[in-house]
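Order of the sequence lines sets the chain letters (A, B, ...), proteins ahead of strands, with each chain counted from 1. Reckoned from all heavy atoms, side chains included, excluding hydrogens, waters and symmetry mates.
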Protein chains: 2
Amino acid sequence: MRENYDLIFKLVELGVLKTPLKISTVKLAKELGMSQQNASRKLIQLEKSGIIRREITVRGEIISLTQEGRKFIESIYLLLKKNLEEAMGMIVKGIVFTGIGEGGYYVTRKYYETQFLEKLGFKPFPGTLNLRLVEPKSRYILETYPHIFIPGTKTKYRTYGWVKCFPAKINGKLRGSIITLERTHYDEGVIEVISPHNLRKELGLKDGDLVELELIELK
Amino acid sequence: MRENYDLIFKLVELGVLKTPLKISTVKLAKELGMSQQNASRKLIQLEKSGIIRREITVRGEIISLTQEGRKFIESIYLLLKKNLEEAMGMIVKGIVFTGIGEGGYYVTRKYYETQFLEKLGFKPFPGTLNLRLVEPKSRYILETYPHIFIPGTKTKYRTYGWVKCFPAKINGKLRGSIITLERTHYDEGVIEVISPHNLRKELGLKDGDLVELELIELK
DNA sequence: ATTACTACGATCCGAGTAA
DNA sequence: TTTACTCGGATCGTAGTAA
């Protein structure tokens, strides 16, 4: 038996977890963007599979969850909760290395400085900290995280690429932001970090040191 | 585009929220109880709808979430969280009335006394508090909540019906349990409450008084 | 090993309509 | 107004294979 998640989630949205739901198949169908007949059939299926209980009246039906239905919804919730919470506050680890100084040039451009101040709330120390990711695959996870986007721009003289900012706490102490650039000479296994602080100095970092970045949740 | 929830939840279960997932369509299909071909197609669909990103290698594929995919999953999580949390710690309200004393007879039977002590952890005061539900429909919600079940039993002389117990805090103070009975003379709009305390006396209750019961979460 | 195409049977969905 | 049946077209799922 197919589980009809769209229907179940719609019923939850309509408050079926809190109170039995009085609704006609016409209205429900409209909510779901499907035909009345289909909504009716799906309700029958949900009833047969023991998720809901129905009471049909002359002017609509009253839908309530069975205990099994509540448990089913809770099981989805718990699955997502467990996995989302473990994934949140993600730690990114990287090894310090000395780059070619490109990032440092970048972040001191007026355009970016203004954008960083506006969107991150700080003026970066002139220079970026280059990190080679311990687990290069974490780059992909990083990209799925909410981030602050600074679009590219053009002047008469040159073009500036976009920058994605992932605010983070650095070694559990200083705040800053991972940035990934549209235009970079580095491969996917490399990230750069900006901060209002001189990270090398204040954290006593030298090439080869491990740095841990804890992503700060956005909103 | 159908959302393929089963596939999405399976990917979550396999940890796609935490790290890109290296898995073959054969294994994934086995996990989902479907054909390899179908798993393959569903992955293609999920990719087309922008939920996941895929990288196909000779020995399987690497599946990672897009930012949109993560948001989609979070949106389901937040929907369930909001509704489940609002529904939890549910308050049931009822008006005290004097019954025919049937409940009092019931709970003092040896069989039930033993069961209550074992499963609820207390020996009930000999007598039940009868409540007429303020919102009779809350009876249906109640039935969807996890509860402790005491099965029926038979002796040579008579038959005892099952009892469902919903542990609750009474008027924010005393502990006890709502019970619903297989054999009752009351209609659906009535519940009974047992407690180690003499509720009428300790809470100063008389007929017509309002009582609030906060369900205690099980497990 | 893999992934994923084609072909075909199964299932689903919407329109018409009964009750 | 309701809910939900039948029927036909659309979509889905599996088996057989190709690459």
Side-chain angles (χ1 to χ4, degrees), chain A residues 1-16 19-66 69 72 76 136-137 140, chain B residues 1-16 19-66 69 72 76 136-137 140:
Chain A
M1 167 63 61
R2 136 155 277 114
E3 292 294 0
N4 288 314
Y5 289 96
D6 281 316
L7 173 54
I8 293 174
F9 292 147
K10 180 56 76 179
L11 293 177
V12 169
E13 201 183 314
L14 294 172
V16 79
T19 170
L21 203 58
K22 195 174 176 321
I23 195 168
S24 73
T25 53
V26 178
K27 275 179 202 149
L28 189 56
K30 209 164 277 174
E31 288 273 359
L32 288 162
M34 62 174 61
S35 68
Q36 172 273 324
Q37 294 87 340
N38 203 26
S40 170
R41 181 168 35 207
K42 279 171 174 288
L43 284 174
I44 294 169
Q45 289 171 351
L46 267 200
E47 185 178 35
K48 274 192 188 154
S49 61
I51 304 285
I52 62 168
R53 195 184 300 115
R54 295 188 309 146
E55 190 189 331
I56 288 120
T57 73
V58 238
R59 50 178 92 257
E61 48 192 288
I62 297 167
I63 301 164
S64 56
L65 279 179
T66 61
F72 178 71
I76 297 170
K137 68 182 179 181
Y140 293 102
Chain B
M1 164 64 62
R2 134 154 278 116
E3 292 295 2
N4 286 315
Y5 288 96
D6 281 317
L7 173 55
I8 293 174
F9 293 147
K10 181 56 77 177
L11 293 177
V12 169
E13 199 182 315
L14 294 171
V16 78
T19 171
L21 203 59
K22 196 173 175 320
I23 195 168
S24 73
T25 52
V26 178
K27 275 179 203 149
L28 190 55
K30 208 164 278 174
E31 288 272 0
L32 289 163
M34 61 173 62
S35 68
Q36 171 274 324
Q37 294 86 340
N38 203 26
S40 172
R41 180 168 43 198
K42 278 171 174 287
L43 284 173
I44 294 169
Q45 288 172 350
L46 266 200
E47 186 178 35
K48 273 191 189 156
S49 61
I51 305 285
I52 62 168
R53 197 184 296 115
R54 296 188 311 145
E55 190 187 333
I56 288 119
T57 73
V58 239
R59 48 179 93 256
E61 48 192 288
I62 296 167
I63 300 164
S64 55
L65 280 179
T66 61
F72 178 71
I76 297 170
K137 67 182 181 181
Y140 293 102

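In this structure, the CD atom of Gln45(A) is 16 Å from the P atom of dT3(D), given to the nearest Å. Nucleotide dT3(C) holds its C1' atom 14 Å from the CD1 atom of Ile62(B), rounded to whole Å. The distance from atom CD of Gln37(A) to atom P of dG9(D) is 17 Å, rounded to the nearest whole Å. Computed from coordinates, the Met34(A) CE to dC13(C) P distance equals 6 Å when rounded to whole Å. Put simply, NZ on Lys30(A) is 18 Å from C1' on dC13(C), counting in whole angstrom units. Note: CD1 (Ile44(B)) to P (dT3(C)) measures 10 Å, nearest angstrom. In this structure, the CG atom of Leu43(B) is 8 Å from the P atom of dA4(C), given to the nearest Å. Taking atom CG of residue Asn4(A) and atom C1' of nucleotide dT11(C), one finds them 12 Å apart after rounding to whole Å.
Taking each heavy atom of Val16(B) and Ile63(B) in turn, the nearest pair found is CG2-O, 3.7 Å. Residues Ile52(A) and Leu11(A) come closest through the heavy atom pair CG2-CD1, 4.2 Å. Residue Met34(B) comes nearest to Ala39(B) through the heavy atom pair SD-N, 3.8 Å, listed as atom of the first residue, atom of the second, then distance.
The side chain to side chain donor-acceptor pair (under 3.5 Å) search around Thr66(B) returns none, not counting sequence neighbours.
Screening Arg54(B), Arg53(B), Lys42(B) for a salt bridge (Lys or Arg N to Asp or Glu O under 4.0 Å) with Glu47(B), the sole residue that qualifies is Arg54(B).
For the OP1/OP2 pair of dT3(D) and a distance below 4.0 Å, the side-chain nitrogens and oxygens of Thr25(A) include at least one atom meeting the criterion. Using a 4.0 Å cut-off, no side-chain N or O of Arg41(A) falls inside it from OP1 or OP2 of dA15(C). A sub-4.0 Å separation between OP1 or OP2 of dC13(C) and a side-chain N or O of Lys42(A) is present.
Residue order along DNA chain C, read from the 5' end via each residue's closest nucleotide, puts Ser24(B) first among Ser24(B) and Asn38(A).
Residue Ser35(A) places its side chain closer to dG14(C) than to any other of dA4(D), dG14(C), dT2(D).
Nucleic acid contact for Ser40(A): base, since at least one base atom lies under 4.0 Å from a heavy atom of the residue.
One cannot find a donor-acceptor pair under 3.5 Å joining the base of dG14(C) and the side-chain atoms of Gln36(A).
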